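Since the model is a prediction, treat every value here as computed from it, not as a measurement. Both ligands and their constituent atoms are indexed starting at 1 by order of listing. Only this structure's heavy atoms are used, side chains among them; waters, hydrogens and symmetry mates stay out.
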Amino acid sequence: MRILLTGGAGFIGSYLSESLLNDGHIVTVIDNLSTGSRDNIAQLENNERFKFVEGDILDRELMLKFVRECDCIYHLAAAVGVKYVLDNQLGSLITNVRGTEIVLDLAHVFKKKVFFASSSEVYGKNGGLKSFKETDDRILGAVNISRWGYAFSKGFDEFLAVAYHRSRGLPVVVGRLFNICGPKQSASYGMVIPRFIQQALKNEPITVYGDGKQVRSFMYISDAVVAIKAIMDKKEAQGEVFNIGSCQSISIADLALNIKTLSNSSSQICFVPYAEAYDNNFEDMFYRVPDISKIENIIGQFSKLKLDEMIKEIINHYRGN
Ligand code: UDP
């Protein structure tokens, strides 16, 4: 198949591209290199079935050309990372809303199947200590708290995707990704695991934001790629929204401790107020863990790697092993 991958030079997109090439497909990546990088796809560029196009999903003419030529689309292009999104608010919202609208509209015009990469951010600050199901309410904060704009825009994209399916028959699958991690993930946009590991390896303070009691679950990139490809192939998944993540949860303070231990680091673990890390108007989500029964009922078990194994793999990567 000829596959178009938006955002394919990003962390997740580059692994997905590699895997699709290994499956024998022809892969075209469109990426504006805002957070992705040529380094991420360097080893793919010699493959004659791979093509990289530096361009923006907001460029409708460019997108039209490549959507028309492909058989299906993985739409991953979006701003990534809490820090990056806060530093680039308007651009992030426009990319998410206008860019996704362009992708979905062209997919509809040319009758192409789409996977849309949404985010667990859409659940917002829905409190409690309960794993999120796809049908749960989403509670998003006030407009003056910039973080929620991203969640709104991704939520809007989901509504748009589902409406294109219901009103126009577009074959589209929505995946809500929960904290994917792995080698090549940049620490520059705020993501916690690469940040903590780099701090630990340099024996610098490991910076836990807030009181560290906030809980996340992390999924390894190779498991995420398996899930994304598998759910895209299922007819019964079309028009549906799926959590994609791991159920193994951990507090951020414990994560810091695990990383310190597994890397034999002498780093101090220090607690940084949110106001210092982001700004005065920052709100975090305190418990974000997925219920993955919906996707597992269709594709089976996919979340294989345990957190300590992921951390060891990423430490090895940074150490150059
Ligand atoms: N975090 C932290 N120290 C850092 C970076 C992040 O304590 O250096 C926290 C962050 O406040 C959040 C969690 O780690 O509670 C996960 O952050 P990340 O940005 O990786 O993803 P999020 O789940 O917030 O989208």
Would you list the atom pairs, donor with acceptor, under 3.5 Å between side chains in residues 15-27 and any protein atom, with sequence neighbours excluded?
| residue | atom | partner | partner atom | Å |
| --- | --- | --- | --- | --- |
| Tyr15 | OH | Pro183 | O | 2.8 |
| Ser17 | OG | Gly13 | O | 2.8 |
| Ser19 | OG | Lys229 | NZ | 2.7 |
| Asn22 | ND2 | Glu18 | O | 3.4 |
| Asp23 | OD2 | Lys229 | NZ | 2.6 |
| His25 | ND1 | Met1 | N | 3.2 |

Can you give each donor-acceptor pair under 3.5 Å made by side-chain atoms of residues 72-86, sequence neighbours left out, with the distance rounded to 0.1 Å?
| residue | atom | partner | partner atom | Å |
| --- | --- | --- | --- | --- |
| His75 | ND1 | Thr6 | OG1 | 2.7 |
| His75 | NE2 | Thr100 | OG1 | 2.9 |
| Lys83 | NZ | Asp87 | OD2 | 3.1 |

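A salt bridge links Arg216 with Asp284: at least one charged nitrogen is closer than 4.0 Å to a carboxylate oxygen.
Not a single side chain to side chain donor-acceptor pair (under 3.5 Å) links Glu276 to another residue, sequence neighbours left out.
Remark: Arg147 is not positioned above the aromatic ring of Tyr278, lacking an NZ or CZ atom under 6.0 angstrom from the ring centre and at most 45 degrees off the axis. Geometrically, Lys184 does not engage Phe11 in a cation-pi contact, judged by NZ or CZ lying under 6.0 Å from the ring centre and within 45° of the ring axis.
A heavy-atom cutoff of 4.0 Å around ligand 1 is satisfied by the protein residues Val82, Glu121, Arg147, Asn179, Gly190, Met191, Val192, Arg195, Phe196, Thr207, Val208, Tyr209, Gln214, Arg216, Ile252, Tyr274, Tyr278, Asp284, Arg288.
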